[in-house]
K.L.:
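Attaching a single structure in structure tokens format; questions to follow.
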Amino acid sequence: MPATLTMSAVAPRVAFARPRTCRRPAKAARLVAVASGESSGKATKDFKATWSTDRSLRGDQKVDLNRGEKMTITVPATSANMGPGFDSFGFAVDLENELVLERGAFKVDIIGEGETSLPRDESNAIIKAVKDGYAAIYPDEHLPIDDIKFTSVNRIPPARGLGSSSAALVAGLAAGLALAGQDLAKPQTKQLLLQLAADAEGHPDNVAPAIYGGFQVSINTGKQWVTQAIGLPKGMQAVLFIPEFESLTSETRAALPKEIPVADAVFNISRAAMLINSFATDNFEALRYACQDVIHQPYRGAAFPMQKMIDAALGMGAHGAFLSGAGPTVLALTGGHGSDVDADTMATFLAVEVADAMLAAAKEDGCEGRAVISAPSTAGVRCKKEETLLRRMGKTSGSVF
Ligand SMILES: Nc1ncnc2c1ncn2[C@@H]1O[C@H](COP(=O)(O)OP(=O)(O)O)[C@@H](O)[C@H]1O
Ligand SMILES: N[C@@H](CCOP(=O)(O)O)C(=O)O
């Protein structure tokens with residue numbers, strides 16, 4: 001379980017009544033109105049990586065999913081862009097989903113976030129990705145999906161800007177690769193997973209930290225996706241305001257301008273460079289400026305109190321604040337002065353103050369939501385295979401493959 005501290009201690013302030021209607025529908029209408037017609041959320045063709053599956057990557061042995069054994073894939077939430085680093089920066093958050101695969105008749109059980117809305121058939125994004133991951137190694141073979149039971153334990157809220165779609169994609173691809181005999185702990189498997197996931201998503205900023213953990217800066221060389229880890233300071237906290245309304249990345253992405261003025265590019269490039277230097281030097285004074293953006297946030301945050309929440313967080317002493325991914329979650333960075341946040345009650349006190357300030361700003365404009373105090377995480381996707389109790393007692397037999 002991730003050590004996410006929800007704001008239960010301040011429950012009365014979190015669970016405020018709906019004062020006014022949040023303006024989500026107006027946002028969608030406005031953004032769609034400025035769309036240029038290209039509705040795809042994917043990368044343009046020339047930006048798509050060109051790479052080929054190396055047959056030598058084939059595992060010696062496919063995973064033998066026996067009766068009574070289970071494989072669990074764990075994958076973190078991610079916060080992409082971090083303000084100016086559109087489609088490049090992202091970090092993993094200590095909020096994780098689990099995907100459990102067991103032998104059994106095909107079934108998709110969903111527990112937690114999205115359990116009333118996500119599909120339970122083969123149209124589920126995870127199931128599609130499992131097939132794609134397997135096909136990357138064995139393109140001519142049929143994965144016997146009818147013999148696998150999937151349980152999706154979701155803690156990442158869908159369509160809130162916390163990388164739920166990337167987590168689903170990475171978990172599914174990782175499961176497919178593991179079923180095809182790939183060892184996820186190996187660098188070459190992770191490299192393949194990054195290519196598959198970033199190609200499918202169209203941008204690497206969520207999938208890179210979902211795979212490798214930590215803070216990742218990613219690029220496309222024209223031939224493949226490449227990512228580098230940036231150091232994260234000890235004790236840094238990520239204060240999240242997660243609105244109740246959902247916002248699909250594909251919709252708000254399609255509504256962004258297709259061209260930007262040079263002055264806006266300069267604004268973002270200079271801040272992105274300063275953001276990286278802030279993390280490289282553990283000096284967060286510049287972050288209130290270095291987390292600013294003019295190429296996506298103004299369009300996505302115009303219809304809800306995004307800027308008000310950012311200003312409130314900064315006013316309460318957060319180092320920097322930005323729209324997480326495509327939103328609508330707003331994220332403020334606090335702490336990170338090297339102390340252990342569990343033992344440093346002042347760091348936690350300040351994070352709660354920032355959360356309260358964001359809640360109050362949202363409430364003023366009638367935007368319902370919850371605050372969660374989380375932290376950047378160094379853990380990326382991982383796979384664990386274990387025997388169930390039944391298996392250990394010798395009560396089951398037979399394998400999928
Ligand atoms: N746990 C999940 N299992 C299956 N599909 C998921 C899951 N989480 C998210 N998705 C898919 O991703 C979509 C949301 O993606 P997106 O709009 O990119 O939001 P986010 O910002 O959370 O990534 C959902 O509508 C659903 O199709
Ligand atoms: N760079 C992407 C990031 C989308 O992140 P998500 O968590 O909202 O899916 C974008 O800004 O569109």
Side-chain angles (χ1 to χ4, degrees), residues 38-51 53 73 75-82 85-93 95-97 99 114 118-119 123-136 152 154 156-177 184 189-228 246-256 296 300 323-327 329 380-381:
E38 283 178 53
S39 64
S40 167
K42 304 296 174 203
T44 53
K45 268 212 172 79
D46 56 350
F47 195 62
K48 189 173 163 75
T50 51
W51 61 278
T53 304
I73 307 283
V75 63
T78 48
S79 179
N81 299 329
M82 300 174 72
F86 183 75
D87 276 4
S88 176
F89 297 179
F91 67 90
V93 177
L95 190 67
E96 299 184 322
N97 282 358
L99 172 67
L118 292 170
S123 68
N124 183 298
I126 292 180
I127 307 305
K128 190 183 166 302
V130 174
K131 290 183 192 167
D132 291 346
Y134 188 82
S152 196
N154 297 336
I156 309 171
R160 304 304 208 297
L162 288 167
S164 73
S165 59
S166 294
L169 177 67
V170 167
L173 288 171
L177 290 172
L184 271 183
T189 310
K190 286 204 169 135
Q191 170 71 354
L192 171 60
L193 179 54
L194 175 65
Q195 307 311 311
L196 292 171
D199 271 1
E201 190 78 335
H203 49 91
D205 45 345
N206 293 105
V207 297
I211 294 166
Y212 292 97
F215 174 5
Q216 300 285 329
V217 177
S218 312
I219 62 166
N220 187 284
T221 64
K223 287 188 179 159
Q224 61 172 269
W225 304 95
V226 173
T227 189
Q228 277 191 340
E246 297 189 359
S247 172
L248 286 176
T249 301
S250 53
E251 284 178 12
T252 67
R253 200 176 164 85
L256 296 176
H296 73 103
R300 291 166 159 171
L323 188 70
S324 179
T329 292
V381 68

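The shown structure was predicted, so the numbers you read here are calculated from the model rather than taken from an experiment.
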K.L.:
Going from CZ on Arg160 to OG1 on Thr249, what distance comes out if it is rounded to the nearest 0.5 angstrom?
P.N.:
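Taking CZ in Arg160 and OG1 in Thr249, the distance rounds to 11.5 Å.
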
K.L.:
Just checking, any donor-acceptor pair under 3.5 angstrom between side chains of Asn206 and Thr78?
P.N.:
yes

K.L.:
Could you tell me whether the side chain of Asp132 reaches within less than 4.5 Å of the side chain of Leu196, counting heavy atoms only?
P.N.:
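No, side chains not in contact.
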
K.L.:
Which pair of heavy atoms, one from Leu169 and one from Ala197, lies closest together, and at what distance?
P.N.:
CD2-O, 3.4 Å

K.L.:
Would you say Ile211 and Val75 make side-chain contact, with heavy atoms under 4.5 Å?
P.N.:
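No. Closest side-chain heavy atoms not under 4.5 Å.
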
K.L.:
Quick check: do Val381 and Tyr212 have side-chain heavy atoms less than 4.5 Å from each other?
P.N.:
no

K.L.:
When you look at Leu184 and Ile73, which way does the side-chain contact (heavy atoms from CB on, under 4.5 Å) test go after all the steps?
P.N.:
CA-CA 10 Å; Leu184 271 183; Ile73 307 283; 4.3 Å; yes

K.L.:
So, does Gln228 use its side chain to make a donor-acceptor pair with the main chain of Gln216 at under 3.5 Å?
P.N.:
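No.
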
K.L.:
Return yes if a side-chain donor-acceptor contact under 3.5 Å exists between Thr252 and Arg300, otherwise no.
P.N.:
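Judged by distance alone, the side chains do pair up.
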
K.L.:
Enter the distance from Asn220:CG to Ser88:OG here, rounded to the nearest 0.5 Å.
P.N.:
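These two atoms lie 11.0 Å from each other.
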
K.L.:
If you measure from CD1 on Ile156 to CG on Asn97, what distance do you get to the nearest 0.5 Å?
P.N.:
3.5 Å

K.L.:
How far apart are the C-alpha atoms of Thr329 and Ser324, what are their side-chain angles, what is the distance that settles it, and do they pass the side-chain hydrogen bond (donor to acceptor under 3.5 Å, both in side chains) test?
P.N.:
CA-CA 5 Å; Thr329 292; Ser324 179; 5.7 Å; no

K.L.:
What I'd like to find out is whether the side chain of Asn81 reaches to under 4.5 Å of the side chain of His296, using heavy atoms alone.
P.N.:
yes

K.L.:
Decide side-chain contact (heavy atoms from CB on, under 4.5 Å) for Leu256 and Phe86; before the verdict, give the C-alpha distance in whole Å, the side-chain angles of both, and the deciding distance to 0.1 Å.
P.N.:
CA-CA 12 Å; Leu256 296 176; Phe86 183 75; 3.7 Å; yes

K.L.:
What distance do Asp199 atom CG and Gln224 atom CD have between them, rounded to the nearest 0.5 Å?
P.N.:
10.5 Å

K.L.:
Check the angle between the aromatic planes of Phe89 and Phe215 and answer parallel, tilted or perpendicular using the 30° and 60° thresholds.
P.N.:
perpendicular

K.L.:
Taking atom CD1 of Ile219 and atom OG1 of Thr221, what is their separation to the nearest 0.5 Å?
P.N.:
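Interatomic distance, Ile219 CD1 to Thr221 OG1, rounded to 0.5 Å: 6.5 Å.
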
K.L.:
Which heavy-atom pair separates Asn124 from Pro119 by the least distance, and what is that distance?
P.N.:
ND2-O, 2.8 Å

K.L.:
In this structure, are over 12 heavy atoms from other groups packed under 6.0 Å from Lys131 atom NZ?
P.N.:
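Yes, NZ of Lys131 has more than 12 neighbouring heavy atoms, counting only those of other groups under 6.0 Å.
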
K.L.:
Closest heavy-atom contact between Ser164 and Pro158?
P.N.:
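Looking at all heavy atoms of both residues, the shortest contact is OG-CA, 3.3 Å.
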
K.L.:
Between Pro76 and Ala167, what is the shortest heavy-atom contact and its length?
P.N.:
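Smallest heavy-atom distance, with atoms named: O-CB, 4.1 Å.
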
K.L.:
Quick one, Ser123 and Lys128 - any side-chain contact, counting heavy atoms below 4.5 Å?
P.N.:
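Result no, sub-4.5 Å side-chain heavy-atom pair not found.
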
K.L.:
Answer whether the closest heavy-atom distance between the side chains of Asp87 and Arg253 falls below 4.5 Å.
P.N.:
yes

K.L.:
If we only count heavy atoms from C-beta on, is the Leu177 to Leu193 side-chain gap below 4.5 Å?
P.N.:
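Side-chain contact under 4.5 Å: yes.
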
K.L.:
If you look at every heavy atom in Ser152 and Ile126, which pair is closest and at what distance?
P.N.:
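Looking at all heavy atoms of both residues, the shortest contact is OG-CD1, 3.4 Å.
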
K.L.:
Ala125 and Ala168: which non-hydrogen atoms are nearest, and at how many Å?
P.N.:
CB-CB, 4.4 Å

K.L.:
Side chains of Thr227 and Ser218: do they bring a donor and an acceptor to under 3.5 Å?
P.N.:
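Indeed, the side chains of Thr227 and Ser218 share at least one donor-acceptor pair under 3.5 Å.
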
